[in-house]
Amino acid sequence: MQQSVFQPFMRSQSIFKRDREVLRPSYIPDELPHRGEQINHLASILVTAMNGQRPSNVLIFGKTGTGKTATIKYIGNEIRHAQGTYSRVDYIYMNCEIVDTQYGVLQNIGNQFIDDFNERIPFTGWSTERVYNILREKIDRTDRVIVIVLDEIDKFVYKSGDDALYHLTRINDDLANAKVSVIGISNDLKFTEFLDPRVRSALGEEKMVFPPYNAEQLKDILNQRAILAFEKEILDEGVVPLCAALAAQEHGDARRALDLLRVAAEIAERSQEVRVTESHVNKAKNKIELDCVTEAMRTLPTQSKLILLGIFVNETQGNAKLTTGDVYDTYKDLCKITGMAVLTQRRITDLISELDMLGLIHARVKSFGRAGRTKEIEASVPVDDGMRVLEEDPMLNQLKNYKPKMQMTLM
DNA sequence: TGTCCACTGGAAGGGAGGGCTT
DNA sequence: AAGCCCTCCCTTCCAGTGGACA
């Protein structure tokens, strides 16, 4: 019988003990190291709900990987476990990066309540007002305390404003039986400046800040997971401290630390090695960074890819610092060759800003005096790697040998 | 000090696409 | 089928701007 393609990669002894999911940031362990204080504080606020009263709304701030989401999900689990005794609380978690419109947020919350009336709110088609009214009725019929957690609430507010939050924070005025409290989680301390003052004060009845983990704390977190994930003697002594140190440099990001450890172990496993070493961690660091960039590029819309490609080809020709005008000229040229519709310069400036935010290019506004004020743009990823990824797109493949027209580069 | 350049970026609105209601 | 609504992508319009230059 022919040998399976998986055969060479199957080993009797895996580096991982069992489910490697325990190394994913989404895994919620039985105990959250160094977040006891935050858990207790939240519990002290939410205990009100257990007694059938409305707890204060809470705003939680903290950088990525500081355990905000883990803590909030941990609390959610605790509430569910306690339901035997107190079955009066519903806990709804929602990530506003995924659902990021006014309508979407209200619709999503509404559809969490499947009751006897069993009416589902469609994902489009209704007026927001109507969605809100149905949501309110559904909530009121439950006669319970509803805790709504809105993760990444800042992204939602920046994108869609605060109308839905206004509704949610005022909803208790319209409810006869149920009670609603909202917990917002944000990476950004300043997003409340964009809120209507009424929403700001309603939402911020309680505020919490999650500090970044230091290297020692990250080590504890990693060690706790490593015990669950690996057989004994699999990790070299320096592996956990190195992952912790690298992640601590990045504002104490536990997510990054866990990713480093998991990817390092996967690299070791793939190369059929029995131990994970520091060199695997370093390889993991490079791999994660590269994966991030390639993924961002692959998922770009074609128009943005054209702009990016235009920047890359200019750089390969030695035109390192480009203006918006330069980029637009090359872009128009590329559109002509590929037969794509040419968008306006106004639209292109927005797409350039998006590429900047994704970290694929670096664009800063600069004035050249009489020569005008514009953006100075350069690639911030290795051009060769970038070109290779973009050329995977069949639409752009024909541009492989494209050379930009000579441009007057402003210096 | 005023002018002027090449944009920047906000505001408003069009229209396509998805879907609901009547 | 007609009339709505919402979101997304895009255009049009235009006031505003930093700094070199006269």
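Just so you know, these numbers use all the heavy atoms, side chains as well, and skip hydrogens, waters and symmetry mates. Lettering of chains follows the sequences in order, A, B, ..., and the numbering in each one begins at 1.
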Under-4.0 Å side-chain N/O to phosphate OP1/OP2 contact, [X] with [N]:
{"X": "A/R130", "N": "C/dC4", "result": "no"}
{"X": "A/K375", "N": "B/dG9", "result": "yes"}
{"X": "A/R370", "N": "B/dC4", "result": "no"}
{"X": "A/T374", "N": "B/dT8", "result": "yes"}
{"X": "A/S367", "N": "C/dT17", "result": "no"}
{"X": "A/W126", "N": "C/dC4", "result": "no"}
{"X": "A/T344", "N": "C/dC10", "result": "no"}
{"X": "A/T124", "N": "B/dC20", "result": "no"}
{"X": "A/T324", "N": "B/dT8", "result": "yes"}

Rounded off to whole Å, could you give me the [atom1]-to-[atom2] distance for the [X] and [N] pair?
{"X": "A/I352", "N": "B/dG9", "atom1": "CD1", "atom2": "P", "answer": "10 Å"}
{"X": "A/E354", "N": "C/dC9", "atom1": "CD", "atom2": "P", "answer": "8 Å"}
{"X": "A/Y328", "N": "C/dC10", "atom1": "OH", "atom2": "P", "answer": "12 Å"}
{"X": "A/I377", "N": "B/dT8", "atom1": "CD1", "atom2": "C1'", "answer": "12 Å"}
{"X": "A/D350", "N": "C/dC10", "atom1": "CG", "atom2": "P", "answer": "10 Å"}
{"X": "A/R364", "N": "B/dC7", "atom1": "CZ", "atom2": "P", "answer": "16 Å"}
{"X": "A/R373", "N": "C/dG18", "atom1": "CZ", "atom2": "P", "answer": "6 Å"}
{"X": "A/R347", "N": "B/dA11", "atom1": "CZ", "atom2": "P", "answer": "17 Å"}

Compare the minimum distances between each of [options] and the side chain of [X], then state the nucleotide with the smallest one.
{"X": "A/S127", "options": "B/dG9, C/dC5, C/dT12", "value": "C/dC5"}
{"X": "A/L343", "options": "B/dG19, C/dT11, C/dT17", "value": "C/dT11"}
{"X": "A/P122", "options": "B/dG19, B/dG10, C/dC6", "value": "B/dG19"}
{"X": "A/F123", "options": "B/dG19, C/dG16, B/dG10", "value": "B/dG19"}
{"X": "A/T323", "options": "B/dG19, B/dC7, C/dC9", "value": "B/dC7"}

Handout entry: Exceeds 12 heavy-atom contacts within 6.0 angstrom, atom NZ of A/K63
Key = no
Assess the side chains of [X] and [Y]: does a donor N or O sit below 3.5 Å from an acceptor N or O?
{"X": "A/Q303", "Y": "A/Y331", "result": "yes"}
{"X": "A/N51", "Y": "A/T48", "result": "no"}
{"X": "A/Y213", "Y": "A/D253", "result": "no"}
{"X": "A/K375", "Y": "A/S353", "result": "yes"}

Problem - Aromatic plane relationship, A/F61 with A/F191 - under 30° parallel, 30 to 60° tilted, over 60° perpendicular - result: tilted
Exercise for the section: Quick one: label A/V131 by what it contacts on the DNA or RNA (base, sugar-phosphate, nothing), any heavy atom closer than 4.0 Å. Expected result: nothing
